[in-house]
Structures are given as C-alpha cells and as structure tokens.
Amino acid sequence: MRLSYSALDTYRTCPLKYKFQEIDKIRTPKSKEAVFGTTIHSTMKFIHKPGILFPNLEQAMEFFSNAWNPAVFDSSEEERSAFSQGIKILENYYQKNNPADANIIDLESRFQITIGHAKPAASDRALQPETHIVSGIIDRIDKTPDGYEIIDYKTTRKMPTQEKVDQDIQLSIYLKAFLSRYPKEIANLDKITVSLYYLKHGVKLSSRRTPEQLQKSEDLFLDIIQLIESEKFAPNLSPLCDWCGYQNLCPMWKHKFKESRKIDSQTVNQAINEYIELKSAINITKDRLEKIQEEILRYMDQEGVSRVFGENGLIAQTLRKTYKYDEKRIREILEPLDKWENVLKVDGIALRNILAVLPLEAKEALDKAKIVDKETRGLTIKKGKNND
Ligand code: SF4
C-alpha cells in the first residue's frame, strides 16, 4: 500500500474522513485553518531559504501579507484576528530565533520510505513481503553542533504532553525517513533530536528515539495500515469535526444539512421533538421521585415504622443489599476445586478507571485487545437548536 503520513494521520483522527478523502476521493475546499497553516509554513520556508542575507522581520511580514488569502474567512473580524495571529507568530519567532544562526541542511524535504517486513505465508513456509510505501514532507532538518535536528512546525493551539511527543509516530516516521537518506547516522541516534515547534505558543517540544522505539512506531504504523486494509471506516466524533469538510456526507452530521435529506418528513421532526420532551419529563420525574423517597424514608425513621398508608395505597420500606466478595478468600476456596478460572473475568469499569494512568503504548495495546461483545443501539440527546 502507498500512503502519505498525513493520510494515516487522517485515519487516526477519523476513519470515515479517511475513506471520504483517500478512497472516495471527494474533494472539499481547504479549511481556513489549513490555509492559515500553509501560509505560515511558506513564510517559515522564506525566512530560512539559503541566501546571502536572511530576511528580517519586516520582510518576513511582507511575505506573509502577500501570501495571505482573506477569501477563506467568514467575516472581516475573523480574518483580522487570524492575520494578527500570524503577525504575532512571526514577531515571537524572531524574538526567539535568529535565522542566520540556524544551520539548515534541508527545508520541506520530500521523502518516500518503505516500511514493513517479510512475513510467512499461511500456505507455505516462504516469506511473503508485506511492505508499504510511506511518503511525506519534513519541514526542516538542521545540523546541530553534535548531530541533527528534525523539526515539524505546528500551527494548532493544542499542545501535546512531553509523553505524547516521546511516542509521537510522525516524528518517528520522519526520523526513519532521515535515516534512509543518511543510513550511517543510525550509529548516532542519541544525537538526533526530533522536535515539534508549536508556533502559536513559540514553544518547541523535543525528543529522541531509541532503535526499539523506532521499531515500535513502525509496528504501530503497520497496525493502522492493517485496519485500513480491513476496511474499518467508522466515524469518530471529536472536536475536530468542526473543521471537517465532510459533515454533509457524514452520518453523524448530515441530518443538519437539509439538502442531503432524502425524507424531510414532518413525522420525523415531531418524533424528534416528542422524544426530547419525554426524555426531559422522565429526568424531572426521576429527580422528584428521589426527593419524595427521601422525605418518606425520613418520616419512617422518625416514626419508627416500615410501612405508611395513604388514600391510594401503602408504601413499604425495602432493603436491597449488594455484596462484594473477598477475592483472596474466594480464590482460596475455588482454586482447589479447579473453579477459579470460571469466575475470573475482566472488569470493564476497573479497566476504564486505570486507563488514564497507563502509558500510551499500553493504552494502544489494550485498545487492540478489545472485541465487540454486543452492540445495543440507543439514543442520546443534546438540547438546543442545531446542536453541534
Ligand atoms: S464530521 Fe467528524 S465523524 Fe464525520 S467524517 Fe468528519 S471527522 Fe469524521
């Protein structure tokens, strides 16, 4: 399979978006965020392009203004705010960096590498090659006093944790691409830095890789390719949906777009409204029931009675006990009877509770170990007009 790093990244964000973009080849206009990112990237290239004199801040701002495309913004306020954000990025960059100090060996460096390995075929013992071609563009490669630095510029607001940068698959793939061009540098892996430069914050997050980490990233990459090949393209709702150009085709959103509805029946609209109203009524009733129950129980305690009588009937107090077992004791009893294995089962809630504190790698391994047991369709509500 041939794919670009950015396509793989799209799959990780949302498999359905990947399908629309890479398989169905449905083109959408570039989002304003993407246009902003491209303009900043081309300005960074202009700043560092080898020449006799590096451009100063004013020249960089002029380049940025000339490359600016106001047409993609929804309003002049939005456009003004984005433009001044771009100017701020450049000012901040020049405050922290002198372009003449960087020893850059390549800018916007295109690569194509082969990943994967030979695997035994099911039918015979011969090795079948299972390799894939991955392409991409590395924003910048610097020569540092003791090694190299691979830099990728980011224009997103959200910054990852250092732990995520240490396991970032994009940086590992870029490092592999660098090594395929400079194979001898594998001996100096500890001197090659990989960095994500968050331009809006003016912060560079850096990391290094061991050969084992590189291998793990490659394995993860191969796992994702396997998912793509098995044609798993479920939508993945996330805040990134706000920037997705496929909302009018996506089953999670398309109902919002009148033109894509096959049936715009009044009955469905009525059913939606009634469902929301009934659900709200249930919640109000539940809250009220809890309050009344508390009052009646308080009254029973006060009067020392277990049953109370009203005009429409009686209410009796019940006591439902839930138990938990002493695991050690249960094990001691069941193990000699060979029955312990029968009661062992993975506790999904406990697993979810520990997920947050597990390393990313373990989380991904657990995620892969999941199998669908039962699928139950339900409905959830978000109140308000045209919710997103
Ligand atoms: S709108 Fe969201 S869920 Fe739908 S395809 Fe786009 S990213 Fe995926």
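- In this structure, N56 contributes its side chain and E58 its backbone to a donor-acceptor pair below 3.5 Å.
- If you take OG on S42 and CZ on F64, they are separated by 9.0 Å, rounding to the nearest 0.5 Å.
- Taken from CD1 in I225 to CE in M1, the straight-line distance is 6.5 Å, to the nearest 0.5 Å.
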Evaluate R181 against D106 for side-chain contact (heavy atoms from CB on, under 4.5 Å), listing each step before the verdict. CA-CA 12 Å; R181 198 196 290 180; D106 208 355; 3.0 Å; yes

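- Screening residues 154-176 for salt bridge (Lys or Arg N to Asp or Glu O under 4.0 Å), with sequence neighbours left out, gives D152-K154, K176-E218.
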What's the verdict on side-chain contact (heavy atoms from CB on, under 4.5 Å) for M44 and L199, showing C-alpha distance, side-chain angles and the deciding distance? CA-CA 10 Å; M44 297 310 290; L199 293 165; 4.1 Å; yes

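- D24 places no side-chain N or O within donor-acceptor distance of the main-chain N or O of I26, the cut-off being under 3.5 Å.
- Residues Q213 and T210 are in side-chain contact: their nearest non-hydrogen atoms beyond the backbone lie under 4.5 Å apart.
- A donor-acceptor contact shorter than 3.5 Å is absent between the side chain of K286 and the backbone of E290.
- Screening residues 184-208 for salt bridge (Lys or Arg N to Asp or Glu O under 4.0 Å), with sequence neighbours left out, gives E149-K204.
- Under the side chain to side chain donor-acceptor pair (under 3.5 Å) criterion, S206 pairs with S195, not counting sequence neighbours.
- I192 and I104 are members of different hydrophobic clusters when ILVMFWY side chains are connected at heavy-atom separations under 4.5 Å.
- Pairing each heavy atom of I113 with each of S180, the nearest pair is CG2-OG, 3.3 Å.
- Interatomic distance, Y198 OH to T156 OG1, rounded to the nearest 0.5 Å: 5.0 Å.
- Here the two rings, on Y174 and F178, have centers that are 6.0 Å apart or farther.
- Taking a 6.0 Å sphere around CD of E229, one finds it holds more than 12 heavy atoms contributed by other residues, nucleotides or ligands.
- Judged by distance alone, with hydrogens and angles left aside, the side-chain atoms of K279 form no donor-acceptor pair with the main-chain N or O of I276 at under 3.5 Å.
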Using salt bridge (Lys or Arg N to Asp or Glu O under 4.0 Å), reason through D139 and K45 one step at a time and then give a plain yes or no. CA-CA 8 Å; D139 285 338; K45 189 178 178 186; over 6 Å; no

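- By the 4.0 Å N-to-carboxylate-O rule, K32 lies close enough to E78 to be salt-bridged with it.
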Expected list for residues 296-304: side-chain donor-acceptor pairs under 3.5 angstrom, two or more places apart:
none

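- Residues F221 and I115 have side chains in contact (heavy-atom distance under 4.5 Å, counting atoms from C-beta outward).
- No side-chain heavy atom of V72 sits under 4.5 Å from any side-chain heavy atom of S31.
- In this pair, Y153 and Y93 present their aromatic rings perpendicular. The plane angle is above 60°, beyond the 30 to 60° band.
- E91 CD: more than 12 foreign heavy atoms inside a 6.0 Å radius.
- Summarising the geometry of S65 relative to F83, their closest heavy-atom pair is OG-CZ, 3.6 Å, with the distance given to 0.1 Å.
- Scanning both residues, S217 and I169, for their nearest heavy atoms gives O-CD1, 3.8 Å.
- At least one donor-acceptor pair under 3.5 Å links the side chain of S84 to the backbone N or O of S81.
- Salt bridge status for K291 with E294: absent, with no side-chain N to carboxylate O gap under 4.0 Å.
- In this structure, CD in E327 is found 11.5 Å from CD in E332, a value given to the nearest 0.5 Å.
- Taking the side chain as every heavy atom from C-beta outward, L189 and L179 approach each other to under 4.5 Å.
- How far CG of L57 is from CD1 of I87: 8.0 Å, rounded to the nearest 0.5 Å.
- Side-chain contact check for R140 and S109: no donor-acceptor pair (N or O, by modelled atom type) lies under 3.5 Å.
- Of all non-hydrogen atoms in K96 and G202, the two that sit nearest each other are NZ-O, 3.0 Å.
- Clustering ILVMFWY residues whenever any of their side-chain heavy atoms sit less than 4.5 angstrom apart, transitively, puts L90 in a cluster other than the one holding V203.
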Verify side-chain contact (heavy atoms from CB on, under 4.5 Å) between L227 and R12, making sure each step is shown before the conclusion. CA-CA 10 Å; L227 284 176; R12 292 181 95 195; over 6 Å; no

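- Under the 4.5 Å side-chain heavy-atom criterion for grouping Ile, Leu, Val, Met, Phe, Trp and Tyr, Y11 is connected to I173 within one hydrophobic cluster.
- Closest non-hydrogen pair, C241 versus Q247, comes out as O-NE2, 2.8 Å.
- Donor-acceptor pairing under 3.5 Å is lacking for the side chains of N273 and E277.
- Listed here is the closest heavy atom pair of P55 and Y94: O-OH, 2.8 Å.
- The shortest distance between side-chain heavy atoms of T193 and I150 does not fall below 4.5 Å.
- Applying the 6.0 Å contact sphere to CD of E108 captures more than 12 heavy atoms from other residues, nucleotides or ligands.
- Under a hydrophobic-cluster definition in which Ile, Leu, Val, Met, Phe, Trp and Tyr are linked whenever side-chain heavy atoms come within less than 4.5 Å, directly or via other members, L196 and I89 are assigned to different clusters.
- In the hydrophobic cluster analysis, where Ile, Leu, Val, Met, Phe, Trp and Tyr join through side-chain heavy atoms closer than 4.5 angstrom, Y197 is grouped apart from V194.
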Assess the residue pair Q112 and R2 against the criterion (side-chain contact (heavy atoms from CB on, under 4.5 Å)); give the C-alpha distance rounded to whole Å, side-chain angles, the decisive distance to 0.1 Å, and a yes or no. CA-CA 9 Å; Q112 250 199 14; R2 276 178 178 271; 3.4 Å; yes

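- Checked by atom type and distance alone, the side chain of Y246 never pairs as donor or acceptor with a backbone atom of Y18 at under 3.5 Å.
- For T28, there are no side chain to side chain donor-acceptor pair (under 3.5 Å) partners at least two apart in sequence or on another chain.
- Here F233 and F20 keep their ring centres 6.0 angstrom or further from each other.
- In this structure, the side chains of Q21 and T10 come closer than 4.5 Å at one or more pairs of heavy atoms.
- K143 NZ: more than 12 foreign heavy atoms inside a 6.0 Å radius.
- Looking at heavy atoms from C-beta onward, L205 lies out of side-chain contact with T161 at the 4.5 angstrom threshold.
- Using a 4.5 Å heavy-atom cutoff, the side chains of M252 and N236 are not in contact.
- Here the straight-line distance linking atom CG of N103 with atom CD1 of I141 works out to 12.0 Å at 0.5 Å rounding.
- Side-chain contact of T318 with R320: a donor-acceptor pair under 3.5 Å is absent, judged by distance alone.
- Classification of the F36-W68 ring pair by plane angle, with boundaries at 30° and 60°, yields perpendicular.
- Taking T13 as the reference, L240 meet the side-chain contact (heavy atoms from CB on, under 4.5 Å) condition, with sequence neighbours excluded.
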